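Read the structure below first, then the notes.
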Protein chains: 2
Amino acid sequence: VIRRLAIVGLGLLGGSVAKAARAESLAREIVGIGRNPARLEPALGVGAVDRITTDLREGLAGADMVVLATPVATLERQMAAVWEAAPPQALITDVGSTKAAIVRVAESLSARKPLDFVGSHPMAGSNLSGFAVSRADLFRGATIILTPTDRTARDAVKRVTEFWEAAGGRVVTMDPATHDRAVAAVSHLPHLVADALVDAVVRMDPQFLEVAGRGFKDTTRIAASSPEVWREIFEENREALAEAVAAFRAALGDLESVLRSGDRDRIESELERIRKIRAVLG
Amino acid sequence: VIRRLAIVGLGLLGGSVAKAARAESLAREIVGIGRNPARLEPALGVGAVDRITTDLREGLAGADMVVLATPVATLERQMAAVWEAAPPQALITDVGSTKAAIVRVAESLSARKPLDFVGSHPMAGSNLSGFAVSRADLFRGATIILTPTDRTARDAVKRVTEFWEAAGGRVVTMDPATHDRAVAAVSHLPHLVADALVDAVVRMDPQFLEVAGRGFKDTTRIAASSPEVWREIFEENREALAEAVAAFRAALGDLESVLRSGDRDRIESELERIRKIRAVLG
């Protein structure tokens with residue numbers, strides 16, 4: 001059991017970490033840290049955390065586990081201060097949706113002050129954000145990607161794995177660069193494409209949206225997400241996203257030329273190949 | 001009330017028309033017509049239809065309403081035979097997902113033998129097909145696009161509207177060409193894009209699919225659809241789809257250049273503009 005769990009940032013993810021830790025009795029004390037007291041108070045009000053503070057040093061004092069849950073760009077800027085304020089025994093993880101840059105910063109900070117850090121990315125979320133939509137069961141059944149490197153202590157990986165599994169997650173590990181390419185492919189690219197789909201309809205005729213059915217709504221649901229959060233993610237993962245967009249353009253172009261061929265067997269076998277791959281995901 | 005409703009093709013859509021008509025008592029007698037008796041028998045077995053036949057002439061005899069529910073390409077080939085076999089009082093509609101070509105054929109056939117025809121496109125479906133997945137409530141809350149022209153009798157439009165509304169649908173009307181552009185935008189393009197998304201991930205690394213979360217599943221759900229059905233739809237609506245793909249490429253390219261600009265306000269305001277449009281759809 002964690003004696004003192006400190007969570008920096010109590011939005012959708014940080015709030016859900018607090019609620020899950022409380023629901024599963026993963027920590028004796030939970031401290032919520034943030035810049036804006038008004039945004040922290042609801043978490044105290046519903047008992048998701050025991051204490052709130054806007055002072056990083058005060059919040060991290062005595063913590064044996066720290067979860068960094070601010071948006072990725074804020075997180076990177078905060079890390080030096082976190083390393084300075086965190087006690088030597090603290091195990092640090094985060095919930096950032098890109099990992100290479102964060103892990104790089106953590107390892108360079110640990111070169112001066114060694115702290116256990118394991119990058120985490122819970123593949124859970126919503127197109128909504130903020131503590132109000134956080135849930136104790138957000139991570140139930142969700143894939144949590146950990147990104148240890150050869151500099152990461154085995155025991156730290158084990159403890160972070162146990163934490164996420166206790167919150168209901170399914171833990172997999174990847175190196176940070178592979179993680180960033182994987183999420184560019186299965187998360188950031190689909191988001192950008194969903195944005196472009198919505199915009200494409202508007203360009204043709206905004207009234208066409210009036211006949212959009214379930215297929216269009218499903219395909220574009222993620223386009224209704226926070227612009228601030230996604231601007232940061234797109235920027236943060238620029239390189240891997242560019243690779244994913246290139247793969248997508250090639251795939252779309254090849255599909256179009258298969259369709260243009262008019263060769264029914266070839267068209268159907270290509271659609272069938274893709275259908276089978278997608279069907280496996282359920 | 002319809003005295004004799006004849007439905008040609010008892011797959012997902014035709015089967016659901018039969019079940020909805022039965023559930024809402026829209027017809028005294030329902031006749032199911034198809035090429036393969038083995039595929040028709042389940043509908044008779046569950047009482048969705050009163051009679052089945054593989055003979056178009058026998059099936060259409062005495063029908064006052066006919067719903068054509070075979071796949072679009074089959075449907076176009078069948079229409080001459082339907083016009084020949086249908087009694088003069090029959091009101092004919094269809095469920096085809098493209099409309100310009102079908103309406104053109106219907107009007108040219110009606111120039112020789114005048115029959116009331118109103119093109120319908122129920123924007124309801126599933127990535128599954130066949131009678132086994134048909135449901136009486138498939139059209140509940142669904143948008144049904146009717147595509148009358150200046151040659152269509154007002155009364156025919158009224159009766160077809162009443163039919164779909166009784167089945168739970170929300171009826172809107174468009175001219176056939178606008179319909180085809182609208183569905184290219186909100187249905188066929190998203191499908192092609194979903195296919196390309198799945199293939200893009202495979203091109204980068206098939207193992208990345210193992211960390212696909214809800215966002216990816218939502219965005220690509222329609223890629224798990226029948227290759228036969230979609231090959232026909234893509235072929236049938238080739239021209240409008242090409243226009244939609246061009247609009248999409250332009251939208252994606254513009255989004256990329258906004259991201260490349262690094263201008264945070266501009267990026268966020270573009271993402272916000274799209275978020276707002278999508279959010280309206282719920």
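Numbers restart at 1 for each chain; the letters A, B, ... are given by sequence-line order, proteins then strands. Atoms considered below: every heavy atom in the structure, side chains included; atoms not considered: hydrogens, waters and symmetry mates. Given the structure is predicted, the values throughout are model-derived calculations rather than measurements.
Of the atoms belonging to Arg238(B), not a single heavy atom falls under 4.5 Å from chain A. In this structure, the portion of Val202(A) lying under 4.5 Å from any heavy atom of chain B is its side chain and not its backbone. Residue Val280(A) does not touch chain B at all, counting heavy-atom pairs closer than 4.5 Å. Looking at Val193(A), the atoms closer than 4.5 Å to chain B (heavy atoms on both sides) sit in the backbone and in the side chain alike. Neither the backbone nor the side chain of Val183(B) comes within contact range of chain A; no heavy atoms are under 4.5 Å apart. Heavy atoms closer than 4.5 Å to chain A are found nowhere in Ala246(B), neither backbone nor side chain. For Thr220(B), the parts sitting under 4.5 Å from any heavy atom of chain A are the backbone and the side chain alike. At a 4.5 Å heavy-atom cutoff, Ala184(A) makes no contact with chain B through either its backbone or its side chain.
Below 4.5 Å, heavy atoms of chain A meet no heavy atom from residues 97-105 of chain B. Using non-hydrogen atoms only and a strict 4.5 Å limit, the part of residues 133-146 of chain B facing chain A consists of Thr143(B), Ile145(B). Identified by a heavy-atom distance below 4.5 Å to chain A, the contributing residues of residues 172-180 of chain B are Val172(B), Met174(B), Thr178(B), in residue-number order.
At least one side-chain heavy atom of Phe248(B) sits less than 4.5 Å from a side-chain heavy atom of Leu252(A). Inter-residue side-chain proximity for Leu259(B) and Leu192(A) is flagged as met; some heavy-atom pair is nearer than 4.5 Å. Inter-residue side-chain proximity for Arg231(B) and Leu271(A) is flagged as met; some heavy-atom pair is nearer than 4.5 Å. Put simply, the side chain of Arg273(B) reaches to within 4.5 Å of the side chain of Asp199(A), judged on heavy atoms. With contacts defined as side-chain heavy-atom distances shorter than 4.5 Å, the pair Phe216(B)/Leu281(A) qualifies.
Ranked by heavy-atom pairs under 4.5 Å with chain A, the first of Ala244(B), Ala279(B), Gly262(B), Ser187(B) is Ala244(B). Of the listed residues (Met123(B), Glu210(B), Glu228(B)), the greatest number of heavy-atom pairs within a distance under 4.5 Å of chain A belongs to Glu228(B). Considering only heavy-atom pairs separated by less than 4.5 Å from chain B, the leading option among Ala251(A), Ala200(A), Ala124(A) is Ala251(A). When the candidates Gly215(B), Gly213(B), Ala250(B), Ala194(B) are compared by the number of heavy-atom contacts under 4.5 Å with chain A, Ala250(B) comes out ahead. Between chain A and the options Pro227(B), Gly253(B), Ala242(B), the largest number of non-hydrogen pairs under 4.5 Å is found for Pro227(B). Among Arg181(A), Glu272(A), Arg264(A), the residue with the largest count of heavy-atom pairs under 4.5 Å with chain B is Arg264(A). Chain B forms the most heavy-atom pairs under 4.5 Å with one residue out of Val245(A), Ile277(A), Val211(A), Val201(A), and that residue is Val211(A).
Rounding to the nearest 0.5 Å places CD of Glu232(A) at 8.0 Å from CD of Glu268(B). Here NE2 of His191(B) is found 10.5 Å from CG of Leu255(A). Values are rounded to the nearest 0.5 Å.
The environment of Glu162(A) atom CD is dense: over 12 non-hydrogen atoms of other residues, nucleotides or ligands sit within 6.0 angstrom. More than 12 heavy atoms of other residues, nucleotides or ligands shown are found within 6.0 angstrom of CD on Glu165(B). For Gln207(A), the CD atom is loosely surrounded, since the number of other residues' heavy atoms within 6.0 Å does not exceed 12.
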Evaluate Arg278(A) against Asp195(B) for salt bridge (Lys or Arg N to Asp or Glu O under 4.0 Å), listing each step before the verdict. CA-CA 9 Å; Arg278(A) 174 57 187 82; Asp195(B) 280 338; over 6 Å; no
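Residue pairs meeting the salt bridge (charged side-chain N to carboxylate O under 4.0 Å, His left out) criterion with at least one member in residues 248-258 of chain B, sequence neighbours excluded, are Arg203(A)-Asp254(B), Arg249(A)-Glu256(B), Glu256(A)-Arg249(B).
A salt bridge does not link Asp218(A) to Lys217(B): none of the charged side-chain nitrogens sits closer than 4.0 Å to a carboxylate oxygen.
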